[in-house]
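If you're wondering where the values come from, they're calculated on a predicted model, not measured in any experiment. Residue numbers start at 1 and run along the sequence shown.
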Amino acid sequence: MRSTATDPSHADATPPELSWVLPLYRTAAQLEELLARIGAVSRRLAVRSEIVLVDDACPEGCGAQAERIAMRDPDVHVVRHACNQGQDAALRTGLRRSRGRWCVLLDADLQDPPEAVERLWSLREDWDIVFAQRTGRYSSRGRRLGSRLYRAAAALVGGLPHGACLYVLLSRDVVQRINLAQRPRLSLLALIAATRGRSVCVAIQRDRRRIGVSAYRSRDRWAKAVGSLWQLFAARRLHRVL
């Protein structure tokens with residue numbers, strides 16, 4: 001794993017208010033637009049922010065593209081995985097690199113609008129964890145049904161608000177507790193649930209994918225869902241340390 005841009009040990013001692021953590025995989029075409037929109041949101045919120053980009057061994061050159069961006073923007077930091085590790089692992093890497101008092105996790109494919117962070121941000125005083133609840137016809141009917149079933153099961157066994165997903169705003173205390181976990185291949189949603197932070201969901205409109213298709217095959221998606229549900233159950237119902 002390789003990190004570029006500003007090293008946190010040499011950065012401004014005052015941490016930013018908000019860290020944006022984005023996994024990069026087959027998202028090169030959308031990256032410049034996404035970062036411009038993120039910048040606009042941070043300006044409207046009037047907060048000092050940083051952006052942590054995690055290249056999960058993207059075959060489209062996302063890592064090199066991100067490093068070029070970081071060379072001209074000191075608030076952009078890039079971490080590169082030597083091999084593909086998956087979304088959850090990439091986000092965990094980004095959380096470990098982040099410094100903000102709050103962290104937002106966001107896919108980089110522009111299906112989840114970064115502008116929705118303004119709604120999540122408005123609730124931070126009363127909650128430790130503010131999830132986005134995805135709505136809209138953003139994928140096939142079968143895939144949306146499968147997603148709804150998984151979210152309902154996650155709420156039941158994991159004690160999460162219905163619709164909880166990995167578009168989420170996390171307090172620094174929650175991030176620090178997540179970062180204590182050392183085992184690889186843990187479900188990030190289960191790690192969030194294991195913190196037992198105060199959580200809420202906010203409905204947002206998710207867009208259809210503009211370019212390409214999901215990197216997950218149906219078999220992989222269901223295997224991940226089953227593993228995640230077991231870890232949610234173990235963390236919240238069996239009180240196991242993940």
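Residues Ala66 and Leu24 come closest through the heavy atom pair CB-CD1, 3.9 Å. The two residues Thr27 and Glu60 come nearest to each other via the heavy atoms N-OE1, 3.6 Å. Nearest heavy atoms, Pro23 versus Leu106: CD-O, 3.3 Å. Contact record, Asp56 with His81: OD1-ND1, 2.9 Å, taken as the closest heavy-atom pair. Annotation for Trp102 and Leu169: closest pair CE3-CG, 3.7 Å, computed over non-hydrogen atoms.
Glu32 has a carboxylate O that lies under 4.0 Å from a charged side-chain N of Arg72, or vice versa, which qualifies the two as a salt bridge. The pair Arg101-Glu17 meets the salt-bridge criterion, with a side-chain N (NZ, NE, NH1 or NH2) lying under 4.0 Å from an Asp/Glu carboxylate O. Between Asp207 and Arg137 there is no salt bridge, since no side-chain N of the basic residue sits under 4.0 Å from a carboxylate O of the acidic one. Using a 4.0 Å cut-off between charged side-chain N and carboxylate O, Arg198 and Asp126 make no salt bridge.
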Practice item. Would you check, one step at a time, whether the test side chain to side chain donor-acceptor pair (under 3.5 Å) holds for Arg151 with His162? Key: CA-CA 6 Å; Arg151 304 296 172 205; His162 185 74; over 6 Å; no

**Study point:** Check against side chain to side chain donor-acceptor pair (under 3.5 Å), Arg172 and Ser98
**Key:** CA-CA 9 Å; Arg172 174 49 52 181; Ser98 70; 3.1 Å; yes

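Leu232 and Val226 fall into different hydrophobic clusters, where Ile, Leu, Val, Met, Phe, Trp and Tyr side chains are chained together by heavy-atom contacts under 4.5 Å. The hydrophobic cluster containing Leu160 also contains Leu238, counting ILVMFWY residues as joined when their side-chain heavy atoms lie under 4.5 angstrom apart, directly or transitively. No single ILVMFWY cluster, assembled from side-chain heavy atoms under 4.5 Å apart, contains both Leu180 and Leu188. Put simply, Val47 and Leu123 are part of the same group of oily side chains (I, L, V, M, F, W, Y) that touch within less than 4.5 Å, one to the next. Placement of Leu156 and Leu149 in two distinct hydrophobic clusters is found when ILVMFWY residues are connected by side-chain heavy-atom separations under 4.5 Å, directly or transitively.
Contact check for Arg92 versus Leu191: side-chain heavy atoms found under the 4.5 Å cut-off. At least one side-chain heavy atom of Leu166 sits less than 4.5 Å from a side-chain heavy atom of Leu91. Residues Gln133 and Val202 have side chains not in contact (no heavy-atom distance under 4.5 Å, counting atoms from C-beta outward). A 4.5 Å side-chain heavy-atom check between Ile38 and Ile51 finds at least one atom pair inside the cut-off. Looking at Gln231 and Leu186, their side chains come closer than 4.5 Å, going by heavy atoms from C-beta outward. In this structure, the side chains of Asp88 and Lys224 come closer than 4.5 Å at one or more pairs of heavy atoms.
A cation-pi arrangement is present between Arg206 and Tyr138, with the terminal nitrogen or guanidinium carbon under 6.0 Å from the aromatic centre and inside a 45° cone about the axis.
In this structure, the side chain of Asp73 engages the main chain of Asp75 through a donor-acceptor pair within 3.5 Å. No donor-acceptor distance shorter than 3.5 angstrom exists from the side chain of Ser19 to the backbone of Cys103, with no hydrogens or angles considered. Proximity of a side-chain donor or acceptor of Arg124 to a complementary backbone N or O of Trp121 within less than 3.5 Å is detected. Distance alone, capped at 3.5 Å, is enough to place a donor-acceptor pair between the Thr93 side chain and the Ala89 backbone. Formation of a donor-acceptor pair under 3.5 Å by the Asp55 side chain with backbone atoms of Cys58 is found in this model. Put simply, the side chain of Arg236 never gets that close to the backbone of Arg196: no donor and acceptor are under 3.5 Å apart. Under a 3.5 Å cut-off, the side chain of Gln85 and the backbone N or O of Ala90 do not form any donor-acceptor pair. A donor-acceptor contact shorter than 3.5 Å links the side chain of Ser187 to the backbone of Ala190. Side chain of Arg119 to main chain of Ala203: a donor-acceptor pair is present (N/O by atom type, distance under 3.5 Å, no hydrogens or angles).
Rounded to the nearest 0.5 angstrom, Thr195 OG1 and Arg177 CZ are separated by 4.5 Å. Here the CD1-CG distance, from Ile129 to Leu120, works out to 12.5 Å after rounding to the nearest 0.5 Å. One finds the CD atom of Gln65 at 9.5 Å from the CG atom of Leu53 (value rounded to the nearest 0.5 Å).
For the residue pair Arg48 / Thr14, no side-chain donor-acceptor distance below 3.5 Å is found, with atom types taken as modelled. Residues Trp20 and Ser42 bring a donor and an acceptor atom of their side chains to less than 3.5 Å of each other.
Each of Asp112, Asp107, Leu105, Val130 was evaluated against Tyr167; a single residue qualifies, Asp112, per the side chain to side chain contact (heavy atoms under 4.5 Å, CB included) test.
For Arg185, the CZ atom is loosely surrounded, since the number of other residues' heavy atoms within 6.0 Å does not exceed 12.
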